[in-house]
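See below for the structure under consideration.
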Amino acid sequence: MSSAGRGGGAVAAREGARRVSFLFRRTQGAGHCAGVNALALSSDEQRLWTGSRDAIIKCWDTTGERPSVKHEHVGHIDWVNDLALVGEFLVSCSSDKTLRVWQPDSPDPALGCLTGHTDYVTGLAASQSGSMLASGGLRGEVLLWDLAGLRQVMSGTLQNQEYGASAAEVPRDSVYAIGMSGAGTLVATGSTQSVANVVDVRTGRLAMQLKGHTDNIRTLQLDTDGRLMLTGSSDHTIRLWDLGQQRCVQTLAVHTDSVWALWASPGFSSVYSGGRDGCIYRTRLANRVSELLACEERPVVRLAVARNEDFLWAATTSPEVHRWRVEAGEAASLPLTPRSPLGGAAALLPGSSTCFVASPSAAARARLVFDLQGAATDQRGSRPAAQQLQPVAATPGIPPIQQAAVLTDRRHVLTQDAAGDVLMWDITTGAVARDFGRCELREVEKELFQPSHSVSAWFAPEIKLGSLAGGMEVPQCFGAEIYAQDLGDKEAPIDLKVNFGEQMLVALFRQWAALQQQGKQQPQPPQQQQPHSQQAPPARQQQHQQQPHGAAADGGTDASAIMAGSASDNNDREAGGEAGAAAEQRHGAEDTRLHDARGAAEAAGAAGDAGGALLPAPASRFSFRGPLAPVVMVSGSGSSVPWCCPIDSFSGEEDVPQWVAECVLDGHYPLSRELKMAFQLVPLPGSGLPSLLQSKLNAPRVLRINKVSDYVRRKMEEHGIQLQKEPLYWDPAKAEQWQGNQAGTAAGAASSGASVHQLHPVAGGPGSEPRQAPTLLLTCNGHAVPYDFSLAAVKQWIFKRSDDLVLHYSVGDNKPLKLPAIRPP
């Protein structure tokens with residue numbers, strides 16, 4: 001893999017489509033945290049490999065009473081759909097469109113990653129000799145892999161030669177089941193068109209099509225000689241096919257729902273099946289007698305049966321894998337049925353509580369009603385009594401996360417797992433901020449609803465892998481900001497904003513960036529190794545020149561008109577920060593920002609020259625404090641393969657996308673138009689207040705109304721009008737903070753008689769001091785605007801229109817404030 005560096009070395013090709021995700025792990029060395037899709041049992045039956053929807057493969061020691069994890073195989077970034085033990089290799093396939101080859105008994109990284117599929121890879125099949133492997137996936141793709149050639153490539157015998165697969169000629173219907181004969185000469189696939197396709201491996205062409213099922217074929221198996229084939233379908237039936245005659249010779253309606261898993265004994269004397277109904281049956285094909293072995297609470301996805309058929313492992317859509325004992329049962333002693341394999345009706349067996357004769361008709365099977373042994377006569381069901389009631393062993397598992405809700409600040413996420421527990425995660429720390437126990441997620445979301453925020457969706461929450469993850473794409477991930485003080489840095493300047501996407505990427509790739517710095521062979525001149533503080537402002541100015549937006553394109557004042565504070569008004573600068581400058585100070589404000597950034601860069605450059613060291617990469621205010629390091633997952637594109645890595649395990653050789661490398665090494669990233677918005681600031685008709693010289697403005701979306709209020713007050717002072725603040729806060733904590741600040745200011749304590757109103761202000765009683773006048777009032781759509789709202793929040797929750805936000809300012813009177821009625825979405 002190539003690595004991206006700064007000022008030299010191999011640089012990843014620019015591939016803007018590559019997606020970067022972060023995942024907060026909840027388990028290591030324990031069980032899966034999502035359903036298990038694949039099973040592989042070792043020849044000595046002492047080890048079990050499980051492939052899960054959490055993208056992890058685990059190797060289990062099954063010799064004890066309770067299975068324990070020996071090691072993990074980590075590399076896929078999406079569901080693991082199938083596993084195959086092929087000679088000395090363990091091969092896995094995934095929804096990330098790749099196959100990976102592993103050393104089965106080692107936790108080392110994959111020996112290789114095989115690409116060629118353009119969509120999810122759903123199944124694997126290998127010959128008994130280990131010379132041929134077939135993979136099937138969506139879009140009807142079936143690839144044939146020569147494992148002998150693969151071994152030569154991995155051993156270094158073949159050098160400078162590309163290894164690839166040959167494509168089988170099959171109909172372009174998605175493949176959900178695949179099987180191969182023992183000699184590796186035939187490959188069969190089950191499609192969404194209810195047809196089983198058989199391919200001659202030697203020619204790669206379609207040899208036959210077998211029709212008979214009426215719904216998707218979900219599972220199949222060929223016998224060693226390639227003469228017989230079993231298929232299971234969503235039409236609730238199992239079919240036995242004679243490939244020589246190219247026809248179905250037996251149909252078995254055993255399940256009451258889709259058949260998802262099959263395993264047949266040598267010679268096809270017995271077939272074990274599992275399905276969506278959660279039942280595991282054993283059916284003896286000679287007499288068509290089916291026996292219910294066990295019942296799972298979830299749909300059965302895979303079965304792995306011991307050679308002597310005394311136990312089996314069952315994988316379901318839950319994280320646990322159960323081991324069930326298998327006994328000879330009643331069916332072994334029953335005589336062969338005189339009926340034709342294709343005829344007969346479903347029938348109960350007299351004196352048997354676990355067995356019945358399977359019918360070829362799913363409708364007839366659905367009409368069967370069983371009396372449960374030892375139960376009251378009114379307890380009857382569609383399935384017989386199970387041979388086993390409890391599994392003898394189970395792998396541990398963690399309840400997968402099934403729901404997620406991002407709060408309005410786009411920093412906290414609520415999750416609810418399969419057990420009903422609700423947690424609140426802080427994305428900036430990767431840890432649980434609050435545990436609500438077992439409750440309704442929607443009720444907690446309503447309780448925590450905070451409309452003072454309206455932050456752009458800089459990441460997409462994902463729970464597909466059973467844990468909380470977030471996907472980031474360029475340029476959307478750079479479309480949200482937050483004040484540094486809101487991240488807990490109380491020493492930061494009040495106006496300092498940080499970009500969510502940049503901070504997350506720098507935190508995730510911190511170790512990788514450090515390794516890139518260490519790998520530099522030659523120090524670069526300061527002008528080529530500029531730190532983030534020097535390069536970011538010019539880049540951002542260039543973006544604004546190339547992409548004018550909002551009011552800047554139609555005569556409005558740029559964001560800097562309300563970003564730079566008045567240096568001569570310290571009190572207002574502390575309270576208002578960014579809202580200090582007039583429209584005509586636009587260019588001066590920009591010059592000041594650029595000058596400050598250059599000063600920091602020159603200081604850093606001087607320090608670097610003095611010490612002979614490289615300039616540091618950008619720093620992040622995000623600090624992960626979870627029990628396990630988050631995992632970075634990068635999607636594949638073109639010649640790049642998908643990969644994943646814990647953020648504390650980078651080697652420095654990872655194929656990092658160019659846009660990520662530029663961000664974490666140099667601080668370069670595209671500015672999003674979503675960072676700013678246009679709004680109008682006009683006097684309320686009839687208020688008697690003058691209009692502003694510039695009434696149409698641009699400002700950061702996160703700019704709060706209290707800063708807009710300070711700006712209006714200063715502009716009114718220029719007209720000789722003195723107005724006082726009368727803050728209205730949505731958040732009571734911020735109201736108390738404002739009151740404390742006012743009380744701590746001697747001048748404010750002596751001169752201010754303004755009161756602080758919250759959402760439901762209480763009218764003063766008799767004898768209360770009257771409110772000092774005049775006071776400044778900001779309204780939108782006739783509602784008083786809370787001071788802790790951002791501009792974006794006012795537009796989303798109060799203005800509720802797509803055009804430019806309009807704020808009115810006026811002189812407040814002693815009438816009760818009309819507050820906005822905001823309900824959770």
Identify whether the distance between the nearest side-chain nitrogen and carboxylate oxygen of Lys70 and Asp61 falls below 4.0 Å.
-> no
Arg26/Asp54 ion pair, N-O < 4.0 Å = no
Look only at the side chain of Arg18 and the backbone of Ser635, and say whether a donor-acceptor pair between them is shorter than 3.5 Å.
-> yes
Specify whether Phe24 and Trp425 have parallel, tilted or perpendicular ring planes, treating 30° as the upper limit for parallel and 60° as the lower limit for perpendicular.
-> parallel
Is any NZ, NE, NH1 or NH2 atom of the basic residue among Asp105 and Arg47 found under 4.0 Å from an Asp or Glu carboxylate oxygen of the other?
-> yes
Going by an N to O cut-off under 4.0 Å, is there a salt bridge joining Arg151 and Glu88?
-> yes
Please say whether the positively charged group of Lys464, taken as NZ for Lys or CZ for Arg, lies over the ring of Trp79, i.e. under 6.0 angstrom from the six-membered ring centre and within 45 degrees of the axis.
-> yes
What residues, two or more places apart in sequence or in another chain, satisfy salt bridge (charged side-chain N to carboxylate O under 4.0 Å, His left out) together with Glu440?
-> none
Check whether any side-chain N or O of Thr395 sits under 3.5 Å from a backbone N or O of Val321 as a donor-acceptor pair, and report yes or no.
-> yes
Does any N or O in the side chain of Ser181 come within less than 3.5 Å of the main-chain N or O of Thr224, such that one atom is a donor and the other an acceptor?
-> no
Output all residues satisfying ring-ring contact (aromatic ring centres under 6.0 Å, His included) with Phe624, sequence neighbours left out; order by chain, then residue number.
-> none
Residues Thr118, Glu141; criterion side-chain hydrogen bond (donor to acceptor under 3.5 Å, both in side chains); working and verdict = CA-CA 8 Å; Thr118 62; Glu141 295 175 337; 2.4 Å; yes
Those residues that, when tested against Trp458, pass side chain to side chain donor-acceptor pair (under 3.5 Å) (two or more places apart) | none
Backbone of Ala629 reached by a side-chain donor or acceptor of Arg25 within 3.5 Å | yes
Step by step, would you call Ser95 with Asn81 a side-chain hydrogen bond (donor to acceptor under 3.5 Å, both in side chains)?
-> CA-CA 7 Å; Ser95 295; Asn81 293 321; 3.0 Å; yes
By salt bridge (charged side-chain N to carboxylate O under 4.0 Å, His left out) - contacts of Asp108 (at least two apart) = none
Examine Arg218 relative to Tyr176 and say whether NZ or CZ is less than 6.0 Å from the centre of the six-membered ring and inside a 45° cone about the ring axis.
-> yes
Salt bridge (charged side-chain N to carboxylate O under 4.0 Å, His left out) against Glu296, all qualifying residues, sequence neighbours excluded = none
Is the gap between the ring centers of Phe650 and Phe509 under 6.0 Å?
-> yes
Backbone N or O of Arg298 within a donor-acceptor pair of the Thr316 side chain at under 3.5 Å?
-> no
Worked check of side chain to side chain contact (heavy atoms under 4.5 Å, CB included) between Thr50 and Leu48 | CA-CA 6 Å; Thr50 56; Leu48 177 72; 4.0 Å; yes
Identify, with sequence neighbours excluded, every residue that meets side chain to side chain donor-acceptor pair (under 3.5 Å) alongside Thr428.
-> Arg411, Asp426
Contacts of Ala148 meeting side-chain contact (heavy atoms from CB on, under 4.5 Å) (sequence neighbours excluded), chain-then-number -> Asp146
Do side-chain atoms of Asp277 reach the backbone of Thr256 as a donor and acceptor pair under 3.5 angstrom?
-> yes
Is it true that Glu462 and Arg19 have a side-chain N and a carboxylate O under 4.0 angstrom from each other?
-> yes
Check ring-ring contact (aromatic ring centres under 6.0 Å, His included) between Trp60 and all other residues, then give those that pass, not counting sequence neighbours.
-> none
Who are the side chain to side chain donor-acceptor pair (under 3.5 Å) partners of Asp257, not counting sequence neighbours?
-> none
In chain order, what residues pass the ring-ring contact (aromatic ring centres under 6.0 Å, His included) check against His255, with sequence neighbours excluded?
-> Tyr281
Counting distance only, does the side-chain N/O of Ser94 pair as donor-acceptor with the main-chain N or O of Asp78 below 3.5 Å?
-> yes
Ring pair (Phe, Tyr, Trp, His ring centres under 6.0 Å) pairs touching residues 103-123, sequence neighbours excluded, are none
Mind checking ring-ring contact (aromatic ring centres under 6.0 Å, His included) for Trp324 and listing every partner two or more places apart, or none if nothing turns up?
-> none
Working for side-chain hydrogen bond (donor to acceptor under 3.5 Å, both in side chains), residues Arg53 and Asn37 | CA-CA 7 Å; Arg53 297 179 181 182; Asn37 286 342; 3.0 Å; yes
Take Cys59 and Val69 through the side chain to side chain contact (heavy atoms under 4.5 Å, CB included) test and state the conclusion after the steps.
-> CA-CA 6 Å; Cys59 178; Val69 175; over 6 Å; no
